[in-house]
Amino acid sequence: MAATWTITSTEYDIKGSKGDNQITTLHWQCTDEDGDHSGRVYGSIGIPEPSGTFIEYAKVTHDNCVTWCKAIMGDDQVKAYEDSVANQIV
């Protein structure tokens, strides 16, 4: 199976340094299942000040948030969470 990443909620500053409703925190979960068994890890991660182009809150997609979340975590941490979920299913 493949792990699924979901952003469950966001926190934001109404008046951020780059624009209105600037996302500051992402709450996430990583899940996987195999028949009757499932695994899950969850947490939250702070979002640093945006560099480059600011995406208006109303135009931010779920995929944007997952991409940001994983980029901030780094490949090693993403793999560690996915391995943890897979180990819960065994």
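Since the structure is predicted, the reported quantities are computational estimates derived from the model, not experimental observations.
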| request: In sequence, state the C-alpha distance, the side-chain angles, and the governing distance for Val60 and Ile55, and then conclude on side-chain contact (heavy atoms from CB on, under 4.5 Å). | output: CA-CA 6 Å; Val60 172; Ile55 301 174; 3.7 Å; yes
| task | Under the side-chain contact (heavy atoms from CB on, under 4.5 Å) rule, what do Asp32 and Thr4 come out as? Steps first, then yes or no, please. | result | CA-CA 6 Å; Asp32 200 353; Thr4 301; 6.0 Å; no
| message | Test side-chain contact (heavy atoms from CB on, under 4.5 Å) on Val78 and Glu82; report intermediate values, then the result. | response | CA-CA 6 Å; Val78 169; Glu82 291 177 350; 3.7 Å; yes
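Taking both residues in full, the closest heavy atoms of Leu26 and Cys65 are given as CD1-O, 3.4 Å, listed atom of the first, atom of the second, then distance. Of all heavy-atom pairs between Tyr57 and Thr10, the closest is OH-OG1, 3.1 Å. Of all non-hydrogen atoms in Val85 and Cys30, the two that sit nearest each other are CG2-O, 3.3 Å. The two residues Trp68 and Ile23 have their closest heavy-atom pair at CZ3-CD1, 4.1 Å. Across all non-hydrogen atoms, the minimal contact from Ile72 to Pro48 is CD1-CD, 3.6 Å. What you find for Thr6 and His62 is that their closest heavy atoms are CA-NE2, 3.6 Å.
Residues Gln88 and Ser38 fail the side-chain proximity criterion, which asks for heavy atoms closer than 4.5 Å. Within the 4.5 Å cutoff, the side chain of Lys15 has no heavy atoms near those of the Gln22 side chain. Here the side chains of Ile14 and Tyr12 are in contact, with some heavy-atom distance below 4.5 Å. Contact annotation: the side chain of Val66 never approaches that of Trp28 to less than 4.5 Å [non-hydrogen atoms, C-beta and beyond].
Within the model, atoms CD of Gln77 and OG of Ser84 stand 9.5 Å from one another, a figure rounded to the nearest 0.5 Å. Glu11 contributes atom CD, which lies 13.0 Å from atom CG of Asn21 (distance to the nearest 0.5 angstrom). For the atom pair CD of Gln29 and CH2 of Trp5, the computed distance is 10.5 Å after rounding to the nearest 0.5 Å. Note: Ile7 CD1 to Asp63 CG = 10.0 Å, rounded to the nearest 0.5 Å.
Lys79 has no carboxylate O lying under 4.0 Å from a charged side-chain N of Asp75, or vice versa, which leaves the two without a salt bridge.
Using a 3.5 Å distance cut-off with no hydrogens or angles, the side chains of Tyr42 and Thr31 do not pair a donor with an acceptor. With 3.5 Å as the limit, one finds a donor-acceptor pair spanning the side chains of Asn64 and Thr61.
Thr25 contributes no side-chain N or O that, together with a main-chain N or O of Ile45, makes up a donor-acceptor pair within less than 3.5 Å.
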